[in-house]
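Accompanying notes for the structure given below.
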Amino acid sequence: MPELPEVEAVRRELEPVMSGARITGVVLYRDGLRRPFPENLREELVGQTVLSMDRRGKYLLAPLSSGTTLVMHLGMSGSFRIERARTTARQPEKHDHVDISLASGSIVVFNDPRRFGVVDLVENSEVGERLGLGPEPLSDDFNATVLARACLRSRAPLKSTLMDQHVIAGLGNIYASEALHRARLSPRRRASTLVTASGRPRASAVALADSVKALLLEAVARQTGHPSRDSRFRVYDRAGSTCTRRGCGGTIVRIVQGGRSSFFCPRCQR
DNA sequence: CTTTGGGCCTGGACGC
DNA sequence: TGCGTCCAGGCCCAAA
């Protein structure tokens, strides 16, 4: 369930270890995850220097000195662990799939029980096209006008629109529900109702864009530093409990949209 | 073209 | 205690 804030936390963990590091070894414990690893993954990585550790939506990007970018995705259950090289070969733990050894003596280990993750190599010039992502929600590239434009040509319910990575990069099932609650909008509502006939954002579109930004900003801030002790969600997985909005008193319900569960308060979300 | 639904995969929660 | 079943979710792709 790593969404943008969780992936950003991982990026910040990896950055001091990976950025500027030279890759001295790669061990693959299987031939792929959600899709096969590139044939030449090991050869392409060994000897390269990692120029930086970036994030785009839910993807982690490590551009290399070769002009190729190491593209990684955590899928549902992916995680990274950093170990120190020892004199004997590292014993992999269950669901360890890739080791990346660095000249510093650190080993970055990719572990992913469900194997929905991705480890891939993409030419720098093709990364954007390959990922096919909409704007970063925390950048100026994303705003009510951009959101409205996407809503205009979509008759889908708002929840699906928010989860569409071509519309906004980085929201998943949890933060989509949370953003809608924050904006007081029903996940069932048609995306097109946020837009005027001339394609301009209504107040609801402004509210939703603002909510997405505020929500993610808070979540990212919470990720850093100490483990989020209680990053409780307002609606996600809270069916049956009372809405936390002041003076609302509604009851959170769960519905299914596009095969995914959505949670919302029918009382204050319209 | 858009939109929907199934499949991938495992661990954990549940029922018997 | 040990089965079986179902569900969770991100993303891709086939089908409608």
Side-chain angles (χ1 to χ4, degrees), chain A residues 1-11 28-38 55-61 71-81 92-98 109-122 126-134 136-137 148-180 187-195 199 212 216 219 231-233 235-240 252-264:
Chain A
M1 68 157 218
E3 302 182 26
L4 187 151
E6 292 78 26
V7 178
E8 176 61 20
V10 172
R11 188 198 70 78
L28 307 175
Y29 295 102
R30 55 166 48 244
D31 28 339
L33 295 168
R34 200 175 72 217
R35 52 174 188 257
F37 297 135
R55 180 192 56 75
R56 185 76 173 82
K58 299 173 198 171
Y59 288 89
L60 290 162
L61 305 177
V71 174
M72 297 169 287
H73 193 289
L74 300 172
M76 280 299 305
S77 57
S79 65
F80 287 94
R81 213 171 56 244
E93 293 180 17
K94 197 174 187 186
H95 306 306
D96 282 353
H97 305 308
V98 180
V109 181
F110 185 67
N111 181 289
D112 183 9
R114 293 188 198 175
R115 307 209 298 269
F116 280 6
V118 168
V119 175
D120 204 358
L121 283 171
V122 181
E126 293 170 13
V127 170
E129 179 192 1
R130 258 300 255 295
L131 303 186
L133 297 175
E136 275 297 311
R149 202 161 29 233
C151 289
L152 186 61
R153 61 159 192 273
S154 166
R155 284 189 296 282
L158 268 185
K159 169 75 166 358
S160 311
T161 305
L162 284 184
M163 288 185 63
D164 184 343
Q165 302 299 300
H166 302 273
V167 174
I168 315 174
L171 287 186
N173 204 40
I174 296 173
Y175 288 102
S177 277
E178 294 297 311
L180 287 166
R188 287 191 173 119
R189 188 161 154 166
R190 264 173 192 249
S192 56
T193 64
L194 302 203
V195 192
V212 166
L216 293 179
S231 62
R232 290 260 36 129
F233 302 113
V235 290
Y236 181 79
D237 206 18
R238 295 185 69 99
I252 309 302
V253 300
R254 172 186 182 273
I255 62 172
V256 175
Q257 298 180 287
R260 298 275 181 267
S261 47
S262 301
F263 299 87
F264 75 110

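All chains are named by letter (A, B, ...) in the order of the sequence lines, taking the proteins before the strands, and each is independently numbered beginning at 1.
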With sequence neighbours excluded, what pairs up with [X] under the side chain to side chain contact (heavy atoms under 4.5 Å, CB included) test?
| X | answer |
| --- | --- |
| A:R149 | A:T145, A:V146 |
| A:A150 | A:V167 |
| A:E8 | A:R11, A:R12, A:R55, A:V220 |
| A:L133 | A:R56, A:Y59, A:L131, A:Q165, A:A169 |

[X]: partners by ring pair (Phe, Tyr, Trp, His ring centres under 6.0 Å), with sequence neighbours left out:
| X | result |
| --- | --- |
| A:F116 | none |
| A:F110 | A:F80 |
| A:H95 | none |

Counterpart residues, salt bridge (charged side-chain N to carboxylate O under 4.0 Å, His left out), relative to A:E93 (two or more places apart)
A:R81

Test of understanding: with salt bridge (charged side-chain N to carboxylate O under 4.0 Å, His left out), list the residues that count as partners of A:D120, not counting sequence neighbours.
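With sequence neighbours excluded, A:D120 shows a salt bridge (charged side-chain N to carboxylate O under 4.0 Å, His left out) to A:R35, A:R130, given in chain and number order.
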
Enter the inter-axis angle for the ends of the helix from B:dT2-C:dA16 to B:dC16-C:dG2 (five pairs per end, rounded to 10°).
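Helix axis angle between the two ends: 50°.
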
Does CZ in A:R188 sit with more than 12 non-hydrogen atoms of other residues, nucleotides or ligands closer than 6.0 Å?
no

Atom-pair distance ([atom1] on [X]; [atom2] on [N]), nearest Å:
| X | N | atom1 | atom2 | value |
| --- | --- | --- | --- | --- |
| A:F263 | C:dC7 | CZ | C1' | 11 Å |
| A:M76 | C:dC7 | CE | P | 15 Å |
| A:R114 | C:dC7 | CZ | P | 14 Å |

Under a 4.0 Å heavy-atom criterion, the protein footprint on nucleotides 11-16 of chain C, written with B, S and -, is BS----

Closest-nucleotide mapping onto DNA chain B: is A:A156 or A:F116 further toward the 5' terminus? I mean the 5' end.
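It is A:A156, whose closest nucleotide lies nearer the 5' terminus.
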
Name the residue closer to the 5' end of DNA chain B, choosing between A:P157 and A:K94 according to the nucleotide with the nearest heavy atom.
A:P157

Span of DNA chain B, from the first to the last nucleotide whose atoms fall under 4.0 Å of chain A heavy atoms:
B:dT3 to B:dG11

Classify A:R254 by what it touches in the nucleic acid, base, sugar-phosphate, or nothing, heavy-atom distance under 4.0 Å.
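Sugar-phosphate, no base atom in range.
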
At under 4.0 Å between heavy atoms, what does A:G172 touch on the DNA or RNA strands: base, sugar-phosphate, or nothing?
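If one applies the 4.0 Å heavy-atom cut-off, A:G172 turns out to touch the sugar-phosphate alone, with no base involved.
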
Between A:N111 and A:K94, do the side chains contain a donor N or O and an acceptor N or O under 3.5 Å apart?
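No, A:N111 and A:K94 have no side-chain donor paired with an acceptor closer than 3.5 Å.
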
